[in-house]
Each structure stands twice: as structure tokens, then as C-alpha cells.
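Quick notes on the structure that follows.
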Amino acid sequence: MKKTFLMFMGIFVLLGMAGCSNTTTKSTPKSHIKIEHKQSKTPYYQELKKADQKKVNFNFIADQNDYGYFISAKITNKTNKTIKFDSSKFALKLADKNVPAALTSIFILKPNQTKKLSGLFQKQSVKELIQTNNFITYSHKIKLASTRSMFSTEDLNVLNQTFNTTSDQSNNTEQQNESDNTSDSQTTSSDNSSTNTTELTEAQARQKLADSGYGDTSELKAERGDGCWNLYNGLGTWFVYDNGDVSYPGNRALNQYLKDHPDENTGADTDDSDSDDAE
């Protein structure tokens, strides 16, 4: 009897262990499902399908102050998903450069939620913003809007007219400056051609002096002066100018005086003539 009782007790223990084992096995998938649910992540905008990307609305606004144009954005999530944005991935794609966003924050947009980003781009030139083929992009390759779309048609016409007028005035000024520079250059060239004379060599200067009636100049010493050669000895100095003129000792001062006072020289000749007539 005792053995039979122990046998039944052993059977009940084994059945109980088998039941606990089954319960543990069945509960495992539930735990696994919970873990997978916790690991799901919120997608970034660039990770959405194109159909969902089109459901996200972007409205960019350009405001002017003393430092230039500041661009803000309003983003509305019309999808049924919660999505993320990285502010630093916005950029201005201009003709000759890419301008990164001034913001770096990461934010989340729930379905039908709107987010405003103030000062997304700062101190921009309106002349670049109104050009064609300039865009606001996200993640380098996604074009969100043309920069021209931030301005009304009337504003674009006024701005284009203003810049065209300024450009024409600038071109006219440059052309006038170029003309003035060309004229000045020609005048300077003409003046230089009339005033510049080839310098004589010492041998040429000696020959000029000899031809003027001096004769042999071998005993004269020579020094280069300002626009002339000075040939001298103990008796005086002879000046041979680069233009070929020759001045003998004692004549230089007289020649210079007569050159500086031509009227007095003419007057003296007239007085002598009157005096001769009176006689």
C-alpha cells in the first residue's frame, strides 16, 4: 500500500513539472512580441516613401531686416505616421554654392502636427534668392521649394527691375572709367613720347661738342648730369643735352634767362631800334 501511494505521488509530481514547462514555452512569444514593439523606431522624413513625402507640407517665408533676408519654415505632417526631421539637413542650393541651415535640432512631428522653424537661414542676399534654379533642399537631394516661391510676382518684378537698373548704371560707370583710363593713358603716352629723349652716350656727347666748333674734347672730363652731359676742365663746363643742344661756359645762365623772359628780350630789341631811328 505504501509503495502504491509513493508511485502515485511521483506521477503527480512529473505531471506538474510538465505543465509548468508548457506554460513557460507558451509565454515566450508574448515576451518576444513586446520586445519587438519597443524596438520600432520613428522614421526620418527622407526614409518615407514618396507618396508619404508628398503629404508633408512645407511653407517657407523670407523676412527682411537690416542684415539681409531671414528664412523661416512651417512644416505640417499630413501623414498618419509620426516622423522626425534633422534641422541641419536643410540647405540652400544656389548657383555657385550650398548654404547650410543655421539650426541643428532634431524634432518630431506627429500626424496633423505643425512645426515652425524660425531663422532656418540667416543674412541671405535677395539677389541670389530671386534667381531661377535656386532651391531649398533636404538631405542634399530632396528639393522642397524654389527660393523664388517665397516672393510674390509683383515683388519679383520690382526686384528684377531694381537690380537691372543698378546693373546698367554700374556697367555705364565701368565703361566711363575705362574710357577715362584709356584717354589718360593715351595722353600720358603722348606726353611721354614728346618729352622723353634718348640719353646720349659720353662718346656721342663729346662728338656733339666737337661738331659745335670746340674741336678735340679728349682733355675734358665728363660727368652725367640731369638730362645732359657735363664736359669740363679748369676753364669751365660745357653742357651737351640729350636733345643735341650745346651750351658753352657763361652762356647757360644767359640762355636760360632769355628763355624764361622772352618779352623782356623783345622789348630791349625794340627800344634799341627806336633809339637808332631817333638818331
> Around atom CD of Glu154, are there more than 12 heavy atoms of other residues, nucleotides or ligands at under 6.0 Å?
Replying inline: no
For the residue pair [X] and [Y], establish whether any side-chain heavy-atom pair is separated by less than 4.5 Å.
X	Y	value
Leu129	Ile71	yes
Leu94	Val99	yes
Asp52	Lys81	yes
Met150	Ile61	no
Tyr248	Phe239	no
Glu128	Asp96	yes
Cys228	Asn230	yes
Leu103	Phe90	no

> Between the main-chain N or O of Ala145 and the side-chain N or O of Ser149, is there a donor-acceptor pair closer than 3.5 Å?
Replying inline: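 No, Ser149 side chain to Ala145 backbone: no donor-acceptor pair under 3.5 Å.
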>> Looking at Gln131 and Lys127, would you say the former's side chain and the latter's main chain have a donor-acceptor pair under 3.5 Å?
In response: yes
Distance from [X] atom [atom1] to [Y] atom [atom2], nearest 0.5 Å?
X	Y	atom1	atom2	answer
Glu202	Leu220	CD	CG	10.0 Å
Lys116	Thr76	NZ	OG1	12.5 Å
Ile130	Ser146	CD1	OG	11.0 Å
Phe151	Leu159	CZ	CG	6.5 Å
Lys84	Leu109	NZ	CG	12.5 Å
Thr114	Asn77	OG1	CG	8.5 Å

> Knowing that exactly one of Asn233, Val240, Leu209 qualifies, which makes a side chain to side chain contact (heavy atoms under 4.5 Å, CB included) with Thr217?
Replying inline: Leu209
> Passes side-chain contact (heavy atoms from CB on, under 4.5 Å), Arg148 versus Asn134? Steps please.
Replying inline: CA-CA 8 Å; Arg148 286 173 62 89; Asn134 288 344; over 6 Å; no
>> Parallel, tilted or perpendicular, judged at 30° and 60°: which one describes the rings of Tyr45 and Phe85?
In response: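 Taking Phe85 first and then Tyr45, their aromatic rings lie parallel (interplane angle under 30°).
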Minimum heavy-atom distance between [X] and [Y], given as atom pair plus value:
X	Y	answer
Ala222	Arg206	CB-NH2, 3.8 Å
Leu48	Pro43	CD2-CG, 4.0 Å
Leu120	Ala73	CD2-CB, 4.1 Å
Gly119	Ala102	O-CB, 3.7 Å
Ala205	Leu231	O-CD1, 4.1 Å
Ser247	Tyr241	CB-CE1, 4.1 Å

>> Would a single hydrophobic cluster contain both Phe58 and Ile136, if residues Ile, Leu, Val, Met, Phe, Trp and Tyr are joined by side-chain heavy-atom contacts under 4.5 Å?
In response: yes
> Quick one: side chain to side chain contact (heavy atoms under 4.5 Å, CB included) partners of Thr82, sequence neighbours excluded?
Replying inline: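 Side chain to side chain contact (heavy atoms under 4.5 Å, CB included) list for Thr82, sorted by chain: Thr42, Ile108, Lys110, Pro111.
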> Listed by chain and number, what are the ring pair (Phe, Tyr, Trp, His ring centres under 6.0 Å) partners of Phe60, not counting sequence neighbours?
Replying inline: none
>> Evaluate Ser87 against Thr104 for side-chain hydrogen bond (donor to acceptor under 3.5 Å, both in side chains), listing each step before the verdict.
In response: CA-CA 5 Å; Ser87 300; Thr104 58; over 6 Å; no
> For Phe135, is the NZ or CZ atom of Lys93 found under 6.0 angstrom from the centre of its six-membered ring and inside 45 degrees of the ring axis?
Replying inline: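 Checked: cation-pi criterion not met.
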>> Walk me through whether Trp238 and Tyr214 qualify under ring pair (Phe, Tyr, Trp, His ring centres under 6.0 Å).
In response: CA-CA 10 Å; Trp238 288 258; Tyr214 182 86; 5.0 Å; yes
> Asn98 and Leu92: side-chain contact (heavy atoms from CB on, under 4.5 Å), yes or no, with the steps?
Replying inline: CA-CA 6 Å; Asn98 287 334; Leu92 283 176; over 6 Å; no
> In chain order, what residues pass the side-chain hydrogen bond (donor to acceptor under 3.5 Å, both in side chains) check against Arg224, with sequence neighbours excluded?
Replying inline: Asp242
> So Gln161 and Asn157, side-chain hydrogen bond (donor to acceptor under 3.5 Å, both in side chains) or not? Walk me through it.
Replying inline: CA-CA 6 Å; Gln161 184 176 2; Asn157 291 335; over 6 Å; no
> Side chains of Glu223 and Tyr232: is there a donor and an acceptor less than 3.5 Å apart?
Replying inline: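 Yes - a donor-acceptor pair under 3.5 Å links their side chains.
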> Can you list the steps and then say if Thr201 with Gln204 is a side-chain contact (heavy atoms from CB on, under 4.5 Å)?
Replying inline: CA-CA 5 Å; Thr201 64; Gln204 290 172 332; 3.1 Å; yes
> Should Gln46 and Ile142 be marked as a side-chain contact (heavy atoms from CB on, under 4.5 Å) after you check the CA-CA gap, both sets of side-chain angles, and the distance that decides it?
Replying inline: CA-CA 8 Å; Gln46 67 270 26; Ile142 304 175; 3.9 Å; yes
